[in-house]
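Here it is, the structure, as structure tokens.
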Amino acid sequence: MTIKNLHYLSGLTITLFVGLHLFNHFISVFGAQDHIELMNTLRIFYRNIFVETILLLAVALQIISGLKLFNTNKKLAISAFDKLQIWTGLYLAIFFIIHLSAVFSGRIFLKLDTNFYFGAAGLNSFPFNLFFIPYYGLAILSFFGHVASIHNKKMEKTILGLSPKRQSIGILIFGFILTIVIFYGLTNHFNGVTIPKEYEVLIGK
Ligand code: HEM
């Protein structure tokens with residue numbers, strides 16, 4: 001199996017989780033409690049030793065193979081979508097390392113339930129939000145940017161009169177709107193979230 005095939009396979013595995021994960025964040029528009037309840041349900045599927053091991057292995061493979069592909073392809077990327085694919089891939093590799101280190105440190109060392117409040121703490125407190133808004137925003141945009149570039153490369157059919165390129169632009173627009181909607185939910189409709197005492201350690205209190 002080539003590195004490219006491996007990267008594609010682990011990418012598909014991760015995409016399954018990320019689709020559910022972002023849907024979970026989307027549900028925060030209905031309130032923190034709905035987000036927490038859905039996460040508790042989804043955890044039955046992904047937070048067991050079997051699925052979580054596969055997911056973490058896929059992420060590790062994705063990062064290693066992705067960095068190799070970045071190195072070989074960075075000079076070959078000419079079109080805008082090719083460039084988008086390699087740079088969003090690089091960001092996702094860095095994001096995965098930081099995001100998973102944070103989630104597992106929160107769980108293991110800080111003994112926190114890494115739920116809605118774990119994600120929302122940094123987003124809702126100044127000056128931490130100056131880091132967390134671009135950090136999470138670019139992660140969601142990069143995910144859709146990466147998917148859109150691959151779609152543009154692989155898709156050959158016109159759908160509803162839309163060329164593959166236009167479909168890919170549609171994926172980018174969807175990702176952009178979803179990012180705003182998720183921020184709207186995680187910041188309680190931009191009014192801010194009251195962070196429970198046990199999570200204040202995340203924002204230096
Ligand atoms: C607003 C953006 C995001 C926030 C607030 C966020 C927050 C979180 C939280 C709180 C967890 C812990 C889940 C749990 O304990 O069940 C988590 C896990 C995770 N997130 Fe995110 N996330 C965001 C975006 C992303 C994106 C864009 C990706 C991938 C492209 C991603 C990948 C993951 C992965 C792989 C896990 C580990 C799941 C596990 O093994 O338990 N996240 N995230």
Side-chain angles (χ1 to χ4, degrees), residues 7 10-29 32 34-63 66 85 87-125 128-129 131-150 171-172 174-188 190 193 195-196 198-199 202-203:
H7 189 74
S10 50
L12 282 182
T13 312
I14 297 169
T15 300
L16 263 178
F17 169 79
V18 175
L20 290 172
H21 191 49
L22 294 182
F23 178 69
N24 195 161
H25 295 326
F26 162 74
I27 291 301
S28 64
V29 294
D34 285 21
H35 181 283
I36 289 170
E37 270 167 32
L38 178 61
M39 187 171 267
N40 285 339
T41 307
L42 291 176
R43 278 176 180 171
I44 300 169
F45 300 100
Y46 69 81
R47 259 231 202 164
N48 56 72
I49 188 85
F50 182 68
V51 175
E52 199 165 47
T53 306
I54 293 177
L55 180 62
L56 294 179
L57 269 177
V59 171
L61 278 178
Q62 194 72 2
I63 295 171
Q85 183 173 356
W87 290 106
T88 52
L90 182 67
Y91 183 79
L92 285 171
I94 298 166
F95 174 77
F96 274 134
I97 296 170
I98 304 176
H99 191 49
L100 292 191
S101 306
V103 167
F104 280 89
S105 302
R107 218 202 273 183
I108 297 163
F109 302 120
L110 301 175
K111 308 243 179 300
L112 287 172
D113 179 356
T114 49
N115 63 11
F116 172 89
Y117 292 107
F118 189 82
L123 273 177
N124 287 282
S125 44
F128 297 91
N129 53 1
F131 167 77
F132 280 100
I133 292 170
Y135 164 75
Y136 282 134
L138 282 175
I140 305 172
L141 290 173
S142 293
F143 173 72
F144 284 98
H146 212 66
V147 170
S149 320
I150 297 158
I171 295 174
L172 287 178
F174 177 79
F176 185 76
I177 295 169
L178 184 66
T179 305
I180 307 278
V181 174
I182 286 177
F183 279 173
Y184 180 72
L186 292 180
T187 56
N188 192 18
F190 300 141
V193 171
I195 304 300
E198 65 265 36
Y199 293 89
L202 299 170
I203 46 174

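Just so we're clear, the structure is a prediction, and the values are computed from it rather than from any experiment. In each ligand, atom 1 is the first atom listed, and ligand 1 is the first ligand listed.
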Atom CD1 of I108 with >12 non-hydrogen neighbours under 6.0 angstrom: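 Yes, CD1 of I108 has more than 12 neighbouring heavy atoms, counting only those of other groups under 6.0 Å.
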
CZ (F50) with more than 12 external heavy atoms under 6.0 Å: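 12 or below, so no.
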
Side chain, backbone, both or neither: the part of D113 lying under 4.0 Å from ligand 1 by heavy atom: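 Looking at D113 and ligand 1, no heavy atom falls under 4.0 Å.
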
Numbered atoms and elements of ligand 1 in range of L186, under 4.0 angstrom, heavy atoms: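 Contacts of ligand 1 toward L186, numbered from 1: 1 (C), 5 (C).
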
Protein contact to atom 36 (C) of ligand 1 [nearest heavy atom, distance to 0.1 Å]: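 In this structure, atom 36 (C) of ligand 1 has L100 CD2, 3.4 Å as its nearest protein heavy atom.
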
Heavy atoms of other groups near Y46 OH, more than 12 under 6.0 Å: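 Yes, enclosed.
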
The one among F95, Y135, F144, F143 that brings a heavy atom closest to atom 26 (C) of ligand 1: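 Among F95, Y135, F144, F143, the closest heavy atom to atom 26 (C) of ligand 1 belongs to F95.
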
Shortest protein heavy-atom distance from atom 15 (O) of ligand 1, along with the residue and atom involved: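 Checking every protein heavy atom, the shortest distance to atom 15 (O) of ligand 1 gives T114 OG1, 2.5 Å.
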
contact_flag L123 ligand 1 heavy-atom lt 4.0 Å: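 No, that is not the case, since the closest heavy atom of the residue is not under 4.0 Å from the ligand.
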
From L61, V51, L100, residue fulfilling side chain to side chain contact (heavy atoms under 4.5 Å, CB included) relative to L56: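 Only one of L61, V51, L100 forms a side chain to side chain contact (heavy atoms under 4.5 Å, CB included) with L56, namely L100.
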
Metal site atom 21 (Fe) of ligand 1, protein N/O/S atoms found under 2.8 Å: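 Count of protein N, O, S atoms less than 2.8 Å from atom 21 (Fe) of ligand 1: 2.
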
Protein contact of atom 40 (O) of ligand 1 - nearest heavy atom, named by residue and atom, plus distance: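 Looking only at protein heavy atoms, the one closest to atom 40 (O) of ligand 1 is E52 OE2, 2.6 Å.
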
Numbered atoms and elements of ligand 1 in range of R43, under 4.0 angstrom, heavy atoms: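 Going through ligand 1 atom by atom, the ones under 4.0 Å from R43 are 14 (C), 15 (O), 16 (O).
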
Aromatic centroids of F95 and Y135 separated by under 6.0 Å: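 Yes, the ring centres sit under 6.0 Å apart.
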
Sequence-distant partners of F45, ring pair (Phe, Tyr, Trp, His ring centres under 6.0 Å), two or more places apart: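 By the ring pair (Phe, Tyr, Trp, His ring centres under 6.0 Å) rule, F45 matches no residue at all.
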
Donor-acceptor contact below 3.5 Å, side chain N124 vs main chain Y117: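 Absent.
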
Y199 side chain reached by N115 side chain, heavy atoms, under 4.5 Å: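 Answer yes - side chains close enough.
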
Per-atom contacts of ligand 1 with N115, taking only distances under 4.0 Å to non-hydrogen atoms: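 Those of ligand 1 that fall under 4.0 Å from N115 are 10 (C).
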
Region of F116 engaging ligand 1 - heavy atom pairs below 4.0 Å: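 It is neither; nothing of F116 touches ligand 1.
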
Spacing of CD1 belonging to I140 relative to NE2 belonging to H25, to within rounding of 0.5 Å: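 Between I140 CD1 and H25 NE2, I get 7.0 Å after rounding to 0.5 Å.
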
Identity and distance of the protein heavy atom lying nearest atom 5 (C) of ligand 1: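 For atom 5 (C) of ligand 1, the nearest protein heavy atom is Y136 CZ, 3.6 Å.
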
Student check: side-chain heavy atoms of F23 and L42 closer than 4.5 Å: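 Answer no - side chains too far apart.
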
Part of I14 with heavy atoms under 4.0 Å of ligand 1, whether side chain, backbone, both or neither: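 Neither; nothing of I14 gets under 4.0 Å from ligand 1.
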
Criterion side chain to side chain contact (heavy atoms under 4.5 Å, CB included) on I36 and M39, from CA distance to verdict: CA-CA 5 Å; I36 289 170; M39 187 171 267; 5.8 Å; no

Residue among L172, T179, T88 satisfying side chain to side chain contact (heavy atoms under 4.5 Å, CB included) with L141: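 It is T179, the one option of L172, T179, T88 that forms the side chain to side chain contact (heavy atoms under 4.5 Å, CB included) with L141.
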
Protein heavy-atom partner closest to atom 38 (C) of ligand 1 - residue, atom, separation in Å: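 Checking every protein heavy atom, the shortest distance to atom 38 (C) of ligand 1 gives F17 CZ, 3.5 Å.
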
